[in-house]
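Structure record follows, encoded as structure tokens.
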Amino acid sequence: MSPVVSDDGLLLPAETRPLVVEIDGHYVWSLTPSRDGAPSGAGVLVPWPEVLRPYLSGRGRIRIADFSGDDVLYDDEVRLGDGEGALAVVDAAGHRLSVDKVGHLSRSFADVAETVREEILAGTARAIEDLRTYAGVQPYLNYGALLGAIREGRMLGHDSDTDLCYLSKHSSPADIIAESYRITRVMRERGWELLRMSGGDIKLLLPLSDGRACHIDVFVAFHVGDTFFQLGNRSGTLPREAIVPFSTIELHGHEFPAPADPEAMLSFLYGPHWRTPDPSFRYEDPPAGVRRLDGWLRGFRTEMGSWTEFYNSPLAATLPRKASSFARWVAPQLDERPVLDIGAGAGVDTVWLARHGRAVLGVDFSRAALRVLRRRVLRAQRRDRKHRRGEVRTDQLILGELRSTMTLGTQLARDPHHLYARNLVGCLDKAALAQLWVLARMALRPTGGRLFLEFPAAVRGVTEPAGTPGAPNGLLRRSDPEAVRADIEQAGGVVEHFAVEPGEDMFGEPDPAVCRIRAHWPRPKETR
């Protein structure tokens, strides 16, 4: 059969070998048709990854070949989407992006200059030295960096970061988490900017001369009984003797510590065929091990990467530039207290409230959203510098991470704020939603402030997804208004206003059912 490229995806023969997809000569994605596709006619249809879809509008040359590049299945000009402009999967600075091994968009090593590669290697060496000398742990090179060093003697062209692990002496999750937070404090003192991914996994952000930041992942590894666990998500049988004492490997002329038996580690990570290149490789993690690691160390940032993809994609430019009707409804009900905008996103309502005299703290759990918000705040400040406006501050809040929630809640208990949250409730899982009510109780009960909520409502007769058209797939969900009201009341709140009516979705388009709630938390001596 002849391959077909369309808006739906790639119609390919049902092959079991990995294939590489390029757009105008640049690598963007790898796949295995028999694994990733569904039967369609004489072949299989492999849908485009969701992270690529916002970029697939225009004209360009698409090439599909095997990993070696010798066997070309497809190489032709195509027109996708509206066909306007050129097909290009790039970030805001014009850097080429590709789908990495966990399904996110990133810059692969194949698309970075040699000088930048040297910066990454030197930065990785500095991270190892800081972790060893100041944090008191013994890191070793692992995952793609180790695989590239052992199999090819260089970085993997389709990889996008460097990975370090350290073998903890602890087996209790509480001790492992405490150790990880201690490492975080030490590395910040050493001048590193970092991002916490879980209770045992951080990303060090290494600034590069090309304007981006490379991630250096630092994963914990530990034994519980005879089972070896290593973030992210690996578990199984690997004796301590396969890791320590460390060996040494060379990568582009730099020496790095490595497991005592690198081949045993690579077999543990990638299976017995790790020597065969496969850019479309997917981990097959034991479900029982994943459940344990989720329960011990994870859970509060499952969708953060997807929101980052959204705010870095062309879809973010289609968000409204004018304040929502909800902000205009809330504003007359506010007194002089500052406003906490929870899940501020792109910050249109945040800035609008400030322009109308309110001091506003805009928080979000997505760093990409906070970057968009901060740019909007700076533009507004330059535009309005001759006029007195409310102050705008920004910070990160990770609902679902109890430490983050309690820290902000303690501050708000002494600094009265109103709480404002639009299109937040439908983005939270059960644990994060429970922490929203904890935050509201801590912030509002001592001060008498109000909670203002608006969210897409799940009501009879409304079946379309929230945030259509084009919202991040499954990230904004409709919520049962009565269930939300019951949650507030169970948490000690009093619902003063409750209405389900037509409104706007996150893109400013008509939504047939949104719920608006105003609530407060009475002091213990008050009655309902």
Side-chain angles (χ1 to χ4, degrees), residues 15-21 27 29-36 49 66-68 98-104 106 108-110 120 124 139-167 197-198 200-201 203 215-223 226-244 246-252 256-290 292-293 305:
E15 300 195 16
T16 58
R17 59 176 173 165
L19 302 176
V20 172
V21 180
Y27 168 77
W29 176 36
S30 57
L31 64 137
T32 299
S34 60
R35 180 195 65 197
D36 302 325
D66 68 346
F67 178 72
S68 69
S98 59
V99 182
D100 66 16
K101 58 184 176 292
V102 292
H104 298 155
S106 60
S108 67
F109 289 133
I120 295 171
T124 303
Y140 53 92
L141 207 64
N142 212 350
Y143 290 106
L146 179 66
L147 179 61
I150 298 297
R151 191 177 70 195
E152 303 179 17
R154 58 185 174 85
M155 290 178 169
L156 298 177
H158 298 140
D159 210 353
S160 60
D161 57 12
T162 53
D163 302 300
L164 301 175
C165 295
Y166 63 93
L167 185 60
M197 310 298 287
S198 74
D201 169 14
K203 285 184 183 292
H215 293 169
I216 302 174
D217 288 323
V218 182
F219 298 106
V220 69
F222 57 97
H223 284 89
D226 294 331
T227 303
F228 176 67
F229 294 91
Q230 183 172 276
L231 291 181
N233 266 351
R234 311 292 90 78
S235 63
T237 301
L238 187 70
R240 194 176 188 90
E241 293 73 25
I243 304 172
V244 292
F246 295 129
S247 61
T248 301
I249 58 171
E250 187 173 295
L251 186 60
H252 293 285
F256 292 100
D261 188 345
E263 295 190 359
M265 175 63 77
L266 292 173
S267 182
F268 171 79
L269 296 174
Y270 300 107
H273 305 295
W274 62 268
R275 292 186 182 276
T276 302
D278 180 3
S280 70
F281 175 81
R282 288 184 183 178
Y283 294 106
E284 295 182 3
D285 301 306
V290 173
R292 284 188 178 275
L293 288 170

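For clarity, every value in this text was computed on a predicted model and none was experimentally measured.
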Item to complete: List the atom of Leu238, the atom of Ala264, and the distance in Å for their closest heavy-atom pair.
Response: CD1-O, 4.0 Å
Fill in: Side chain to side chain, Tyr283 and Arg234, heavy atoms closer than 4.5 Å
yes
Item to complete: Identify the heavy atoms of Pro49 and Val99 that sit nearest to each other, and give their distance.
Response: CG-CG2, 4.4 Å
Worksheet item: Heavy atoms, side chains only, cut-off 4.5 Å: are Ser247 and Tyr140 in contact?
Response: no
Fill in: Tyr143/Asp217 under side chain to side chain contact (heavy atoms under 4.5 Å, CB included): CA gap, chis, key distance, verdict
CA-CA 10 Å; Tyr143 290 106; Asp217 288 323; over 6 Å; no
Fill in: Aromatic plane relationship, Phe229 with Phe222 - under 30° parallel, 30 to 60° tilted, over 60° perpendicular
parallel
Worksheet entry | Trace of the ring pair (Phe, Tyr, Trp, His ring centres under 6.0 Å) decision for Phe268 with Tyr270 | CA-CA 6 Å; Phe268 171 79; Tyr270 300 107; 10.0 Å; no
Worksheet item: Heavy-atom distance under 4.5 Å between the side chains of Val218 and Pro139, does that happen here?
Response: no
Item to complete: Compare every heavy atom of Arg17 with every heavy atom of Pro33, then report the nearest pair and how far apart it is.
Response: CD-O, 3.5 Å
Worksheet, complete the sentence: Rounding to 0.5 Å, atoms CH2 (Trp29) and OG (Ser98) come to a distance of 13.0 Å
Worksheet item: Looking at Arg151 and Trp274, what are the two nearest heavy atoms and their distance?
Response: NH1-O, 2.8 Å
Discussion item. Taking Phe256's backbone N and O only, do any of them form a donor-acceptor pair with Thr248's side chain (distance below 3.5 Å, no angle check)?
Written reply: no
Practice prompt. With the side chain counted from C-beta on, respond yes when Asn233 and Leu293 share a heavy-atom pair under 4.5 Å apart, and no when they do not.
Written response: yes
Discussion item. If I compare all heavy atoms of Leu251 with all of Ala145, which pair ends up nearest, and what's the gap?
Written reply: CD2-O, 4.3 Å
Discussion item. Once rounded to the nearest 0.5 Å, what's the spacing between atom CD of Gln230 and atom CG of Asn142?
Written reply: 4.5 Å
Fill in: Pro18 side chain near Ser30 side chain, heavy-atom distance below 4.5 Å
no
Discussion item. Please give me the minimum heavy-atom distance between Leu141 and Ile249, naming the atom from each residue.
Written reply: CD2-CD1, 3.7 Å
Response to the item:
The reported gap from CG in Leu31 to CZ in Arg282 (rounded to nearest 0.5 angstrom) is 9.0 Å
Worksheet entry | Pairwise distance CG(Leu147) to CE(Met155) - rounded to 0.5 angstrom | 13.0 Å
Discussion item. Quick check on Arg292: does its CZ atom have over 12 non-hydrogen neighbours (other residues, nucleotides or ligands) under 6.0 Å away?
Written reply: no
Worksheet item: CG/Leu146 to CG/Leu266 distance, rounded to the nearest 0.5 angstrom?
Response: 4.5 Å
Worksheet item: Atom CZ in Arg275, atom CD1 in Ile150: separation rounded to 0.5 Å?
Response: 8.5 Å
Practice prompt. Walk me through it: do Tyr166 and Val220 pass the test side chain to side chain contact (heavy atoms under 4.5 Å, CB included)?
Written response: CA-CA 5 Å; Tyr166 63 93; Val220 69; 3.6 Å; yes
Discussion item. Using the rule given for side chain to side chain contact (heavy atoms under 4.5 Å, CB included), can you reason through Phe67 versus Thr276, listing the C-alpha separation, both sets of side-chain angles and the distance that settles it, and then say yes or no?
Written reply: CA-CA 10 Å; Phe67 178 72; Thr276 302; over 6 Å; no
Discussion item. Treating Thr124 as the side-chain partner and Ile120 as the backbone partner, does any N or O pair qualify as donor plus acceptor under 3.5 Å?
Written reply: yes
Discussion item. Quick check against the 3.5 Å criterion: does Thr32 have a side-chain atom that pairs as donor or acceptor with the backbone of Ser34?
Written reply: no
